[in-house]
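First the proteins, then the strands, lettered A, B, ... as listed; each starts at 1. Atoms considered below: every heavy atom in the structure, side chains included; atoms not considered: hydrogens, waters and symmetry mates.
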Amino acid sequence: MKYDFKKIEPKWQKKWEDAKLFEAKDFSDKPKFYGLVEFPYPSGAGMHVGHIKAYSSMEVLSRKRRMQGYNVLFPIGYDAFGLPTENYAIKTNTHPRVITDANIEKFSNQLRSVGFSFDWSRTVDTSKDDYYRWTQWIFLKLFDHGLVFRDKTLVNYCPHCKVVLSNEDSQGGKCDICHTDVIQLPKDVWYLKITEYADKLLKGLDTVEYPEAIKQQQINWIGKSTGAFVDFTIDGVDEKLEIYTTRPDTLFGVTFMVMAPEHPMIDKYQDRISNMDAINAYRDECAKKTEFERTQLVKDKTGLKIEGLEAVNPVNGKKIPIFIADYVMMGYGTGAIMAVPAHDQRDWDFAHAFDIPIIEVIKGGDISREAYTGDGEMINSDYLNGLTNKKDSIAKMIGILEEKGIGHAGVQFKMKDWAFNRQRYWGEPIPLIHCPECGVVGVPYEELPLRLPEVKDFEPGEDGKSPLAKIPEFVNCTCPKCGGPAQRETDTMPQWAGSSWYFLRYCDPHNDKAFADMDKLKYWMPVDWYNGGMEHVTRHLIYSRFWHRFLYDIGEVNTPEPYSKRSAQGMILGADGEKMSKSRGNVVDPLDIVNQYGADTLRVYVLFMGDYGSAAPWNDSSVKGCRRFLERVAGLTDLITDEKKKVSYETLLHKTIKKVTDDIEAQKFNTAIAALMTLINEIYKEGSISKEDLVIFLKLLSPFAPHIAEEIYEMIGGEGFITVSEWPEFDESKTVDATIEVGVQVNGKVRAAVTIPAGCDKDTALAAAKANDRVASFVEGKKIVKEIYVPGKIINIVVK
RNA sequence: GCCGGCAUGGCGGAAUUGGCAGACGCGCGGGACUUAAAAUCCCGUUCCCGCAAGGGAGUGCGGGUUCGACCCCCGCUGCCGGCACCA
């Protein structure tokens, strides 16, 4: 058969769509499979080869599962709100709705041209009001349950994008979108109390099947630490200074305390502080530093003694000085620490810079040179003296603290609450109302969706205000509680909102009574397998787990965790081995490949190019190799005969069925394809193939290269679609050869290979080995010490 | 600094998890077809010595366990990713 991909690919795409082969049925007697991929942000640049690889694993799995008789839900949608679109809207003076619609149109055409088996009837668009209505609905539920709060703090602010950024969006002190240096700005910010879910998010990881690397990253990100809170009294002041420490057992080694520059007690007791001017000067200096500069690990600690305030160590009554220093952060623990320079390197550095005494309380190090953080015998610590294990000494100290009422055990998390607003237009309006009488009031549920008003000017307002603030008709409203005049919140939600629950909407995308019907959720959820990028592990993956867990806690969904299993694809690098980027000029457009070689070639190539989970560079020659393979597949139609197949061929066929079946499940697509290549090489060597065997081959190939598989199947008279035909079964007994070749080692070195009957005993195998000339020559004249035969694997003769 | 991962031919990568290292593909060399090129097909291709038969070395480095190690253990080195003054 001539391989005319330009004709056959659109032909089958249309036939599949007309036959509605990929539409999932709600409820069915078949087992269900919900395969999820991260929906794309519909950028103007269109699809990237990375998208193809990211979607191909679930694509192959979904196609295989359909053939295996599953009711498959494999949906797609668009994460359509976001800054790039808005920035483009400003630049071109076009409404973001228009841009978004055009981009979605483009994306969906591109995705279709690759032949992905998505259920297009369930497509969602997070920027449509029938979708974001429910995003707002969930937000209001969070608000009703006290998980939304407002706080005035220093926020990460991008002067270029003019938006407040979460810590996640400003990693490394750079804006995630434009890479401008992030500055600190005091602002009123809405937060979601994700920290309240820290423990649940941590524990939930034990119940899901994620790769260890992903679990570790999330564990790190959540950053649970166990320790104790301890109250220090301040001399002459009727207020305790509370600190958090992981080593309460070192309390006798405390020689000073440090407060973060922003610590509220400083202002509160400024009348007692004699060097307030100097302190304010230091604080100003700190405020100028970016979060990034401040968190840079530096040996040269800066700080200042607070003159006029003195703390008292609660365990021994000793008076100790208090400093402010920017190595202590207001955002972690209590914003103040007890400093134990002998056993904490940062405290040690500070003590050296400020000439503060150092008291050793744990033996084992040389504290004149550096802090000792290891285990050892407790000394200089009264009732703790002599204990040698930190677990025991910590437990004992916490017991004493609790008994005396000066402290208690506690935990801390590194994870911060989620800054949940942007001063931008193209996002979900936050459904809250500011009433001068009632305070902050939620928009009534029945008034949702709170639609984005039409505006002409998308430029952010001055001092970081949302463009919505410029529209009086939107801003001015009546309070739903008291009916008095009130004002709407004008900020919108961050990019991550819509994607935090989209997998639920796929279960019931057109529902206008609820975000999804509970029975449908019960049928489809949880997602059986979610594939996506490593870059989303600490943001999207945690945020969506948080929302889902919250919905579970209030009885709106049926499972605590949304995803049973998660996997991640490796990046496709440019041909030069570098990350693909426009500036490097190494970007490959998937549509070029579709046009030049065909969608099937592209699909096979992205899965064949290497280990699915690892990064691999693009290689044009290898693409051609995959095309060559498909040409050989097309050529099989010329080899069809009715001849009986050889036993050796039948064994290979069954081995291949087994390998492809297993490898797809393990995401070892490269070796699955390699097995198909091996089989086709063998078929060509034989020079013929029966129609029956060809069908088996095509079925195995069809998840990878469905268009060509369909075309040949139709041509040789196959009934219906191969896409929904039955997946081939293998006969385990036929996957083993009658005779096998095993290596023969002499003293562990391979010297020969002998062919022996598959199930033969040790004596037969050894006899065959010794009969081999080469083996004999190595054994001759020596004494056989040991003989080993591992059935089917190896023979080893040890001689002396 | 802490956490995780990786290291195999000229290249991407295989190796049933302790049993013939280099499957499959690319590239390269040789040949066939062709006036020629492309395409296609056949043969070869880890490295070193050898015309060959054959021999030796070999999975980042150094040790160890084992009849046998890419795989397990101990000690390094180098890359990649994440977190990071987290008390």
Side-chain angles (χ1 to χ4, degrees), chain A residues 171-172 211-221 223-225 227 243-247 250 258 260 294-299 301 325-329 331-340 343-347 349-350 373 412-416 534-535 537-538 571 573 577 604-605 608-611 613-626 628-629 631-632 635 655 658-659 662 668 670-681 684 741-754 774 785-799:
Chain A
Q171 293 180 44
E212 200 47 40
I214 292 180
K215 283 195 184 182
Q216 277 307 324
Q217 266 191 47
Q218 293 211 349
I219 290 167
N220 263 337
W221 187 259
K224 182 175 183 172
S225 102
I243 60 92
Y244 174 75
T245 177
T246 54
R247 295 302 301 269
T250 60
V258 186
R294 224 184 121 175
T295 53
Q296 281 297 89
L297 203 145
V298 284
K299 267 219 149 349
K301 299 274 182 285
D326 67 354
Y327 81 91
V328 173
M329 309 290 148
Y332 184 81
T334 62
I337 62 157
M338 65 178 214
V340 185
H343 306 291
D344 181 291
Q345 192 58 43
R346 293 154 301 174
D347 297 345
D349 292 338
F350 192 86
T373 52
Q412 274 298 299
F413 295 94
K414 286 184 198 172
M415 188 164 66
K416 304 272 197 297
M534 281 308 286
E535 68 275 19
V537 167
T538 53
M571 224 190 312
L573 305 171
V604 169
Y605 175 66
F608 182 66
M609 64 191 297
D611 171 49
S614 310
W618 186 267
N619 184 322
D620 283 321
S621 300
S622 289
V623 177
K624 286 182 200 153
C626 292
R628 210 169 285 155
F629 165 61
E631 295 276 5
R632 280 162 74 78
K655 276 183 180 169
K658 181 177 161 68
K659 180 134 187 79
D662 295 347
K668 289 163 76 171
N670 53 340
T671 51
I673 293 166
L676 291 170
M677 289 174 170
T678 305
L679 182 61
I680 205 171
N681 289 345
Y684 268 90
E741 198 180 57
V742 292
V744 183
Q745 299 178 332
V746 179
N747 286 350
K749 265 198 189 304
V750 179
R751 296 300 181 182
V754 292
R774 273 175 52 69
V785 189
K786 199 168 182 180
E787 293 173 331
I788 292 149
Y789 175 55
V790 182
K793 310 264 187 187
I794 201 117
I795 297 164
N796 191 8
I797 300 170
V798 186
V799 297

| message | Please report the distance separating the C1' of B:U46 from the corresponding atom of B:A21, rounded so that it comes out in whole Å. | response | 10 Å
| How many Å lie between CH2 on A:W618 and C1' on B:C26, as a whole number? | 14 Å
| Between B:C86 (C1') and A:R346 (CZ): distance, integer Å | 7 Å
| request: Searching all strands shown, indicate the nucleotide that pairs with B:C2 (Watson-Crick or G-U wobble; both distances under 3.5 Å). | output: B:G82
| Between A:W221 and A:M415, does a side chain to side chain contact (heavy atoms under 4.5 Å, CB included) hold up when you go through it step by step? | CA-CA 6 Å; A:W221 187 259; A:M415 188 164 66; 4.3 Å; yes
| Between B:G31 and B:G68, how far is it from one P atom to the other, in whole Å? | 46 Å
| With rounding to whole Å, what would you report as the distance between B:G82 and B:A69 at their P atoms? | 38 Å
| request: Could you grab the distance from atom CD1 of A:I219 to atom CD of A:E212, nearest 0.5 Å is fine? | output: 6.5 Å
Which pairs, protein N/O on one side and nucleotides 38-40 of chain B N/O on the other, fall under 3.5 Å?
from  : atom 1 : to     : atom 2 : distance (Å)
B:U40 : OP1    : A:R628 : NE     : 3.2

| message | Using Watson-Crick or G-U wobble geometry with both distances under 3.5 Å, which nucleotide pairs with B:C61? | response | B:G75
| Distance between the P atoms of B:G27 and B:C11, in whole angstroms? | 15 Å
| Of the nucleotides B:G12, B:A87, B:C26, which has the atom closest to the A:P617 side chain? | B:G12
| query | Considering Watson-Crick and G-U wobble pairs with both distances under 3.5 Å, what does B:A14 pair with? | reply | none
| said: I need the CD-C1' distance between A:Q217 and B:G82, as an integer number of Å. | reply: 5 Å
| task | Any chance you could list the contact pattern along nucleotides 45-59 of chain B? Use B for base contacts, S for sugar-phosphate-only contacts and - for none, protein heavy atoms under 4.0 Å, 5' to 3'. | result | ---------SSSS--
| request: Measure the NZ-CG distance between A:K668 and A:D662 for me, rounded to the nearest 0.5 Å. | output: 9.0 Å
| task | Starting at atom CE of A:M609, determine the distance to atom C1' of B:G27, rounded to an integer number of angstrom. | result | 16 Å
| query | Between the base of B:C85 and the side chain of A:K301, is there any donor-acceptor pair under 3.5 Å? | reply | yes
| query | What residues, two or more places apart in sequence or in another chain, satisfy ring pair (Phe, Tyr, Trp, His ring centres under 6.0 Å) together with A:Y244? | reply | A:F229
| request: With sequence neighbours excluded, tell me which residues meet side chain to side chain contact (heavy atoms under 4.5 Å, CB included) with A:R247. | output: A:T245, A:D249, A:T250, A:I362, A:K390, A:I394
Which pairs, protein N/O on one side and nucleotides 18-24 of chain B N/O on the other, fall under 3.5 Å?
from  : atom 1 : to     : atom 2 : distance (Å)
B:G19 : N2     : A:Q745 : OE1    : 3.2
B:C20 : N4     : A:E741 : O      : 2.6
B:C20 : N4     : A:E741 : OE1    : 3.4

| query | So what's B:U35 paired with, Watson-Crick or G-U wobble, going by both distances under 3.5 Å? | reply | none
| request: Look up atom OG1 in A:T678 and atom NZ in A:K655, then write down how far apart they are to the nearest 0.5 Å. | output: 11.0 Å
Enumerate the protein-to-nucleotides 30-34 of chain B contacts in which both atoms are nitrogen or oxygen and the separation is below 3.5 Å.
none

| query | Can you tell me how far P in B:U8 sits from the matching atom in B:G4, rounded to whole Å? | reply | 22 Å
| Which way is the base of B:G9 turned, syn or anti, if we draw the line at 90° from 0? | syn
| Can you check the A:Q345 CD to B:A87 P distance for me, whole Å? | 15 Å
| 5'-most by nearest nucleotide on RNA chain B - A:Y684 or A:T246 | A:Y684
| query | Which part of the nucleic acid, if any, lies within contact of A:G625, taking any heavy atom under 4.0 Å across all strands shown: a base, the sugar-phosphate backbone alone, or nothing? | reply | sugar-phosphate
| Polar contact flag, side-chain donor to acceptor under 3.5 angstrom, A:D349-A:Q345 | yes
| request: List in chain and number order the residues that pass side chain to side chain contact (heavy atoms under 4.5 Å, CB included) with A:K793, two or more places apart in sequence or in another chain; answer none if no residue qualifies. | output: A:V790
| Rounding to a whole Å, what distance do you find between A:D344:CG and B:A84:C1'? | 14 Å
| query | What residues, two or more places apart in sequence or in another chain, satisfy side chain to side chain contact (heavy atoms under 4.5 Å, CB included) together with A:E535? | reply | none
| note | By side chain to side chain donor-acceptor pair (under 3.5 Å), A:K624 pairs with (sequence neighbours left out) none
| Taking the C1' atom of each, how far is B:G25 from B:U34, in whole Å? | 27 Å
| message | Between B:C6 and B:C73, how far apart are the two P atoms, rounded to whole Å? | response | 13 Å
| task | Look at A:K786 and B:C67 and indicate whether a side-chain polar atom (N or O) is within less than 4.0 Å of OP1 or OP2. | result | yes
| message | Can you tell me how far apart CE (A:M677) and SG (A:C626) are? Round to the nearest 0.5 Å. | response | 5.0 Å
| query | Which value, in whole Å, describes the distance between the P atoms of nucleotides B:G29 and B:A39? | reply | 13 Å
| task | May I ask you to verify if any side-chain N or O of A:Y332 is less than 4.0 angstrom from the OP1 or OP2 atom of B:A87? | result | yes
| task | Answer with base, sugar-phosphate or nothing: what part of the nucleic acid does A:K668 contact at a heavy-atom distance below 4.0 Å? | result | sugar-phosphate
| query | Which residues satisfy the side chain to side chain contact (heavy atoms under 4.5 Å, CB included) test with A:A336, sequence neighbours excluded? | reply | A:L241, A:I243, A:M259, A:H263, A:T334
Distances under 3.5 Å between nitrogen or oxygen atoms of protein and nucleotides 4-6 of chain B:
none

| said: For A:V258, is there any backbone N or O sitting under 3.5 Å from a side-chain donor or acceptor partner on A:Y327? | reply: no
| Which value, rounded to the nearest 0.5 Å, describes the distance between A:N796 atom CG and A:R751 atom CZ? | 11.0 Å
| note | Winner on side-chain proximity to A:N619, out of B:C67, B:A87, B:C26, is B:C26
| field | A:M338/A:D347 under side chain to side chain contact (heavy atoms under 4.5 Å, CB included): CA gap, chis, key distance, verdict | value | CA-CA 9 Å; A:M338 65 178 214; A:D347 297 345; over 6 Å; no
| query | Between A:Y605 and A:N619, is there a donor-acceptor pair closer than 3.5 Å when you use the side chain of the first and the backbone of the second? | reply | yes
| task | Pull up the glycosidic torsion of B:U17 and say syn or anti, syn being anything within 90° of 0. | result | syn
| query | Mind checking what makes side chain to side chain donor-acceptor pair (under 3.5 Å) contact with A:E787, not counting sequence neighbours? | reply | A:K770
| Are any side-chain N or O atoms of A:N747 and backbone N or O atoms of A:V799, one a donor and one an acceptor, separated by less than 3.5 Å? | yes
| message | Looking at B:U45, which nucleotide sits across from it as a Watson-Crick or G-U wobble partner, both distances under 3.5 angstrom, or is there none? | response | B:G27
| query | Hey, what do you get for CD1 (A:I794) to OH (A:Y789), rounding to the nearest 0.5 Å? | reply | 10.5 Å
| said: Using whole Å, what does the distance between atom C1' of nucleotide B:G68 and atom CD1 of A:I797 come to? | reply: 13 Å
